[in-house]
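Report on the following structure.
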Amino acid sequence: MAGKEKRVEAITAMDQDFTQWYTDVVLKSELIDYSSVKGCMILRPYGFAIWENIQKNLDQMFKDTGHENVAMPMFIPESLLQKEKDHVEGFAPEVAWVTHGGSEKLAERLCIRPTSETLFCDHYSQIIQSWRDLPKLYNQWVSVVRWEKTTRPFLRSTEFYWQEGHTAHATAQEAVEETIRMLNVYADFYRDYLAIPVVKGQKTEKEKFAGAVDTYTVEAMMHDGKALQSATSHYFGDGFAKAFEIQYSDKNNQLQYVHQTSWGLSTRSIGAIIMVHGDDSGLVLPPRIAPIQTVIVPIAAHKAGVLEKAKEMKAELAKQFRVKLDDSDKMPGWKFSEYEMKGVPLRIELGPRDLEQNQCVAVRRDNGEKIVLSLDGLTESVQTLLDEIHEGLYQRALESLNSRIYDASDWQTMSELIAEKPGFVRAMWCGDLACELMIKEELGATSRCLPFDQVKVADTCVCCGKPAVKEVIWGKAY
RNA sequence: CGAGGUGUAGCGCAGUUGGCUAGCGCGCCUGCUUUGGGAGCAGGAUGUCGGGGGUUCGAGUCCCUUCACCUCGACCA
């Protein structure tokens, strides 16, 4: 069967209406449901299981780089939030406030954290005294609240889950290294677990995080050519340290300010998985974070030996994989469609004909290929297939990304590309905010990043024609 | 926050110029038969017509108001 054939009538075709396709997929595949609170989504078991797998693997990468997990309160006193000027200005429009405890009005209202820089800073100012206390490499897995005007499941919800790392270092250099290290952790994670290639780079002044000196980003390209800022890492310098008086005595007994970073990856990454790998039949999940890596569908389960063998197979595979045996009385065809919609990477069919020949039929979700596997050495065969699926997904996504990055050296080309070709545009920039604003205003594209791998497309700014200083990747973004 | 759209059973929808007991498909429950791409038959359950107010002898239908969700823009992980 061809993998591209549309088999699930309930899902809108991607090329017909991509946003509707997305909505159909998140609901029909039971990742989320809408809740009774505007803009807030319920992460259903299947959706949360993906997040758990993301957490498990990314958390290990944090541990491997020396980080410790903590949990900060979800409330921030207004006075604390206001200590760093740029930071509060950036977040003020979208914070939710607690004004009452029971029926008592609070003396000072409490903000529900939109991010926790101020909490970490306040804490760091208490616990850091000596150079021996540094570095502090903290992370937390929590939800945050931002009062968004337009919300979409995973991509922008009022409350969302994420991790936020917050570190304090003795020197600026150490903090810069940490910022880049964690950006690379994100890029590696996207490649090795989500099978998504990203473009690494730096945000412009306009796009950087409120209160940061520098913001770095990994940008992924969705199926429709739009960009998704997929994780960010910030270098703060000593700006927060000065605002919060986070000082330590160095080896010469001199008081010094710490240098800080923060970095985050959210449930938005699940949106990236959906929009990078999904197809007209629904989700396509990368094997390493798929809640169900392999589903076993017995055929004619009432016939002698079929169900017994299927159970035996499940027990064996479960030692190494997340495996499900669907022995419900639904029709096999129904099950095929159901698990395709839910993006299960590999399906194994086992029927009477297979039993006779000591084999089963495996079907890949990524390309629809059917493969006859011997029941001997099945664990190894499945492992190989899952790895191939991961690699196949990554290569397909990489090809999709690379084939849709265009160069523009003049305004005319740039405007045509942005208007007509979904994807990213590489173009030179003089560094002026005015040009960045003009491009957004006139063309609807924003600067995604100043990529680390700079390509000199031209000598002059694509907008104003003055000498260019940097190559920028432009695109329409979620 | 601006423009547009939609709210009727779990889901998708129909419901005429206001008129009788609010329907249909799917799903769900029970039983039997089926099983290699969304099975068949028989029986069964399910409604605050988004909420509130009004007009009327009578409102799912008309009016006012409010809430939610979706799409597109302006602002943001």
Side-chain angles (χ1 to χ4, degrees), chain A residues 1-2 5-12 17-20 22-24 27-28 30 33-41 90-95 114-115 143-164 186 203 206-210 215 217-220 227-234 262-272 281-282 297-303 306-307 326-341 347-355 359-361 363 368 370 372 440-441 444 446 476-478:
Chain A
M1 271 305 142
E5 192 177 322
K6 182 173 179 293
R7 305 188 187 101
V8 182
E9 296 303 327
I11 297 177
T12 305
D17 184 344
F18 191 69
T19 52
Q20 188 59 50
Y22 180 85
T23 305
D24 287 349
L27 291 173
K28 302 259 165 62
E30 300 182 341
D33 203 351
Y34 293 111
S35 77
S36 52
V37 180
K38 175 184 168 63
C40 293
M41 60 181 179
F91 281 100
E94 51 185 13
V95 293
T115 180
S143 70
V144 289
V145 168
R146 298 181 187 176
W147 218 256
E148 300 286 354
K149 287 162 182 160
T150 303
T151 58
R152 299 199 65 197
F154 296 115
L155 303 175
R156 178 163 295 106
S157 46
T158 301
E159 182 185 19
F160 61 89
Y161 292 84
W162 75 344
Q163 57 71 216
E164 44 178 325
Y186 289 141
K203 285 291 186 186
K206 176 180 177 297
E207 297 287 331
K208 76 181 189 185
F209 180 83
T215 289
T217 178
V218 290
E219 299 282 325
L228 188 73
Q229 179 176 308
S230 300
T232 48
S233 183
H234 317 288
S262 81
W263 25 274
L265 178 146
S266 73
T267 38
R268 178 180 261 194
S269 56
I270 297 175
S281 297
V297 178
I299 309 296
H302 60 289
K303 295 205 172 151
V306 173
L307 202 49
D326 188 345
D327 57 359
S328 70
D329 58 3
K330 298 272 199 229
M331 302 302 291
W334 189 92
K335 295 176 186 174
F336 297 166
S337 299
E338 181 70 8
Y339 295 107
E340 277 161 13
M341 184 169 73
R347 175 176 84 234
I348 292 177
E349 302 172 20
L350 183 74
R353 296 206 297 270
D354 298 314
L355 284 186
Q359 67 179 38
C360 62
V361 177
V363 183
K370 284 197 178 188
V372 175
K440 181 172 185 188
E441 182 71 19
T446 52
K476 292 179 179 170
Y478 278 97

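Small disclaimer: the values here were computed from a predicted structure and weren't measured. Proteins come first, then strands; the chains are lettered A, B, ... in the order of their sequence lines, and each starts at number 1.
- Here B/G36 sits opposite no nucleotide as a Watson-Crick or G-U wobble pair (both hydrogen-bonding atom distances under 3.5 Å).
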I'd like a list of close polar pairs between nucleotides 10-13 of chain B and the protein, N/O only, cut-off under 3.5 Å.
none

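- Here the side chains of A/Thr158 and A/Trp147 are in contact, with some heavy-atom distance below 4.5 Å.
- Pair assignment for B/G47 gives none, since no Watson-Crick or G-U wobble pairing has each distance under 3.5 Å.
- Taking the salt bridge (Lys or Arg N to Asp or Glu O under 4.0 Å) definition, one finds that A/Lys203 meets it with A/Glu219, sequence neighbours left out.
- When Watson-Crick and G-U wobble pairs are counted only if both distances are under 3.5 Å, B/C62 pairs with B/G54.
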Which atom pairs link the protein and nucleotides 3-9 of chain B when you take only N or O atoms and keep those under 3.5 Å?
none

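- The minimum heavy-atom distance linking A/Val306 with A/Ala300 is given by the pair CG2-O, 3.7 Å.
- Between the CG atom of A/Asp24 and the C1' atom of B/C69 there is a distance of 14 Å, given to the nearest Å.
- Scanning for salt bridge (Lys or Arg N to Asp or Glu O under 4.0 Å) contacts around A/Glu164 gives an empty result, with sequence neighbours left out.
- Scanning for salt bridge (Lys or Arg N to Asp or Glu O under 4.0 Å) contacts around A/Glu94 gives an empty result, with sequence neighbours left out.
- B/U55 and B/C63: their P atoms are spaced 15 Å apart (whole Å).
- Taking the side chain to side chain donor-acceptor pair (under 3.5 Å) definition, one finds that A/Glu349 meets it with A/Arg347, sequence neighbours left out.
- Residue A/Gly39 is classed as a sugar-phosphate contact, given heavy-atom separations below 4.0 Å to backbone atoms only.
- Applying the Watson-Crick and G-U wobble criteria (two distances, each under 3.5 Å), B/C1 pairs with B/G73.
- In this structure, A/Lys335 places its NZ atom 10 Å from P of B/G36, rounding to the nearest Å.
- Distance A/Glu349 CD to B/G38 C1': 14 Å, rounded to the nearest Å.
- As the counterpart of B/C13, B/G23 is assigned, both hydrogen-bonding distances of the Watson-Crick or G-U wobble pattern falling under 3.5 Å.
- In this structure, the side chain of A/Tyr22 engages the main chain of A/Pro153 through a donor-acceptor pair within 3.5 Å.
- We find the CE-CZ distance between A/Met331 and A/Phe336 to be 10.0 Å, quoted to the nearest 0.5 Å.
- Across all non-hydrogen atoms, the minimal contact from A/Ser266 to A/Phe160 is CB-CD1, 3.8 Å.
- Atom P of nucleotide B/G36 and atom CG of A/Asp326 are separated by 14 Å, given to the nearest angstrom.
- Checking side-chain atoms of A/Lys335 against main-chain N and O of A/Asp326 turns up a donor-acceptor pair under 3.5 Å.
- Atom name C1', nucleotides B/G23 and B/C69: the rounded distance is 25 Å, in whole Å.
- A/Trp334 places its CH2 atom 13 Å from the P atom of B/G38, with the value rounded to the nearest Å.
- Remark: C1' of B/U71 and CZ of A/Phe18 are 15 Å apart, rounded to the nearest angstrom.
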Table of protein N/O atoms under 3.5 Å from nucleotides 25-29 of chain B N/O atoms:
{"from": "B/C28", "atom 1": "OP1", "to": "A/Lys330", "atom 2": "NZ", "distance (Å)": "2.8"}

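- Atom OH in A/Tyr339 sits roughly 16 Å away from atom P in B/G36 (whole-Å rounding).
- Evaluation of the side chain to side chain contact (heavy atoms under 4.5 Å, CB included) rule for A/Lys440 yields A/Lys206, A/Thr446 as partners, not counting sequence neighbours.
- Side-chain atoms of A/His302 and base atoms of B/U34 include no donor and acceptor less than 3.5 Å apart.
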N/O contacts under 3.5 Å, protein versus nucleotides 42-44 of chain B?
none

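- When the P atom is compared between B/U8 and B/G60, the two are found 15 Å apart, to the nearest whole Å.
- In this structure, A/Gln20 places its CD atom 7 Å from P of B/U71, rounding to the nearest Å.
- The gap from the P atom of B/U16 to that of B/C62 amounts to 9 Å, rounded to the nearest Å.
- Toward the 5' end of RNA chain B, the nearer of the two residues A/Cys40 and A/Val361, judged by each one's closest nucleotide, is A/Val361.
- As rounded to the nearest Å, B/C26 and B/G38 have C1' atoms that lie 12 Å from one another.
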Given protein heavy atoms under 4.0 Å, the one-letter contact record of nucleotides 72-77 of chain B, with B base, S sugar-phosphate only and - none, is simply SBBSBB
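- Within the 4.0 angstrom heavy-atom criterion, only backbone atoms of the sugar-phosphate kind lie near A/Thr23; the bases stay farther away.
- Listed by chain and residue number, nothing satisfies the side chain to side chain donor-acceptor pair (under 3.5 Å) test with A/Ser233 (two or more places apart in sequence, or in another chain).
- Taking the C1' atom of each, B/U61 and B/U17 are spaced 11 Å apart, rounded to whole Å.
- Judged purely by atom type and a 3.5 angstrom limit, A/Tyr478 has no side-chain atom pairing as donor or acceptor with the backbone of A/Gln229.
- In terms of the side chain to side chain donor-acceptor pair (under 3.5 Å) criterion, residue partners of A/Ser143 (sequence neighbours excluded) are, by chain and number, A/Glu159.
- Of all nucleotides present, only B/U6 satisfies the Watson-Crick or G-U wobble test against B/A68, with each distance under 3.5 Å.
- Nucleotides B/C28 and B/G10 have their P atoms positioned 15 Å apart, rounded to a whole Å.
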